[in-house]
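The structure under discussion appears below in the form of structure tokens.
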Amino acid sequence: MAKVIALPMCSAKTPQVNLDYLRNQLAKLVINGPTLVCLPETWLAFCDNAQQTWQEALHSEGYLQELGRLCQQYGVWLAAGTIAIPSSDEKYHAASFLFNARGEVVARYNKIHLFDAEVSDNTKRYRESERTESGQDVVVVDSPFGKIGLSVCYDLRFAGLFQVMRAQGAELFLVPSAFTCTTGAAHWQPLLQARAIENQCYVVAAAQTGSHENGRETYGHSLIVSPWGEVLADSGTSLTPISQSIDTAFLDSIRKKMPVADHNRFKSEFL
């Protein structure tokens, strides 16, 4: 049976440190059948500021090639959280790449909803839109793990995106994240469970956790949630990977017994 693994991280500022950590984690895996490893948002470089992120984005092509080689070496699919990719006018996309076990990029999603908010933590003010360019396209892709819908962190608050992915056939949502401790404690698990229940999909959310070199603190609690809304695995604030087999028969049974997608009388033009 296909298996998904959420790999929590407390990412450093330097990409090579984070790549070495990923390589060490992959070397510990026991692969029996199709395996998807999911990384958090900003896993490659948890930088001091947007200018530093932009500088790392200029080297992104080499990092993507290295990830492809790792997938080939260890025979895994990889959902590479987000990586900064240059767009225009010194802005970058927060891009989530999905690699297959041959090391090929089979999907790319650019984060649509950007986190511009005031938060009662040690950072206080977040303005992603100052240097990040918003994505435009919804992405759902076939895989051995079912049809995967891609999202990133703040997207989680916008139910419409997940409804559109469900309408496009999604069975599994990926939500790589770097939630703040304040918003995480209040909203993280309820939002993930809501997106799972509303759409009758599995949800895998790999998260950043702990105190980072740049002074940020992230909430952790990488989660895997069933289509019924049950939390199947929770990493807490640790760096311990969590895993779960994807039971498509269970998913199909829930949808057959309670066909909410068919019953929805408030479908938008996007559905």
Side-chain angles (χ1 to χ4, degrees), residues 1-8 36-41 77 79 81 96 98 107 109 111-113 138-179 183-209 219-236 241-264 266-268 270-271:
M1 188 177 290
K3 180 174 67 175
V4 294
I5 297 171
L7 182 64
L36 170 62
V37 177
C38 303
L39 306 180
E41 183 181 28
W77 285 59
S96 184
L98 181 64
Y109 166 74
K111 184 178 183 180
I112 292 175
H113 299 98
V138 176
V139 177
V140 176
V141 61
D142 286 315
S143 81
F145 318 92
K147 284 186 174 289
I148 296 176
L150 300 180
S151 69
V152 174
C153 201
Y154 192 49
D155 285 330
L156 181 60
R157 295 183 181 273
F158 301 90
L161 170 61
F162 293 83
Q163 291 170 352
V164 172
M165 291 193 288
R166 170 67 174 88
Q168 294 182 5
E171 298 166 306
L172 165 64
F173 296 139
L174 303 185
V175 193
S177 297
F179 254 57
T183 58
H187 301 146
W188 173 243
Q189 182 171 321
L191 284 170
L192 290 168
Q193 289 179 292
R195 300 297 85 86
I197 294 167
E198 292 164 349
N199 300 286
Q200 299 172 314
C201 287
Y202 282 96
V203 177
V204 178
Q208 293 282 353
T209 185
Y219 179 64
H221 291 274
S222 296
L223 293 181
I224 300 175
V225 184
S226 82
W228 191 244
E230 178 187 5
V231 175
L232 301 174
D234 180 350
S235 70
I242 55 175
S243 65
Q244 181 66 40
S245 296
I246 299 298
D247 188 346
T248 54
F250 174 66
L251 181 147
D252 292 341
S253 174
I254 287 175
R255 291 182 175 184
K256 183 177 181 180
K257 292 176 180 178
M258 190 184 298
V260 294
D262 295 334
H263 294 163
N264 184 6
F266 293 92
K267 294 180 180 179
S268 75
F270 299 105
L271 304 182

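No hydrogens, no waters, no symmetry mates; every other heavy atom, side chains included, goes into these values.
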I need the [X] [atom1] to [Y] [atom2] distance, nearest 0.5 Å.
| X | Y | atom1 | atom2 | value |
| --- | --- | --- | --- | --- |
| Lys111 | Leu150 | NZ | CG | 14.0 Å |
| Ile246 | Thr248 | CD1 | OG1 | 9.0 Å |
| Asp252 | Gln200 | CG | CD | 10.5 Å |
| Phe158 | Ile112 | CZ | CD1 | 10.5 Å |
| Glu171 | Ile148 | CD | CD1 | 9.5 Å |
| Leu191 | Ser177 | CG | OG | 10.0 Å |

What pairs with Arg166 under salt bridge (Lys or Arg N to Asp or Glu O under 4.0 Å), at least two apart in sequence or on another chain?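 Not a single residue meets the salt bridge (Lys or Arg N to Asp or Glu O under 4.0 Å) criterion with Arg166.
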
Where do [X] and [Y] come nearest, in terms of heavy atoms and distance?
| X | Y | answer |
| --- | --- | --- |
| Ala2 | Pro144 | CB-O, 3.5 Å |
| Leu232 | Ser226 | CD1-CB, 3.8 Å |
| Ile242 | Ser222 | CD1-O, 3.2 Å |
| Cys38 | Val204 | SG-CG1, 3.9 Å |
| Gly149 | Val140 | CA-CG2, 4.2 Å |
| Leu223 | Leu192 | CD1-CD1, 3.6 Å |

Any sub-3.5 Å donor-acceptor pair from [X]'s side-chain atoms to [Y]'s backbone N or O?
| X | Y | result |
| --- | --- | --- |
| Gln208 | Glu41 | yes |
| Gln189 | His221 | no |
| Trp188 | Tyr219 | no |
| Ser243 | Val4 | no |

With a 4.5 Å cut-off on side-chain heavy atoms, are [Y] and [X] touching?
| X | Y | result |
| --- | --- | --- |
| Cys201 | Arg255 | yes |
| Gln163 | Asn199 | yes |
| Val139 | Leu98 | no |

Using the ring pair (Phe, Tyr, Trp, His ring centres under 6.0 Å) criterion, which residues pair with Tyr202? Sequence neighbours excluded. none

Considering only residues two or more places apart or on different chains, which pairs with a residue in residues 140-160 satisfy side-chain hydrogen bond (donor to acceptor under 3.5 Å, both in side chains)?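 Matches after skipping sequence neighbours: Tyr109-Asp155, His113-Asp155, Asp142-Lys147, Arg157-His187.
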
Under the criterion side chain to side chain contact (heavy atoms under 4.5 Å, CB included), I'd like the reasoning laid out for Phe162 against Glu198: C-alpha separation, chi angles, the key distance, then a yes or no. CA-CA 9 Å; Phe162 293 83; Glu198 292 164 349; 5.7 Å; no

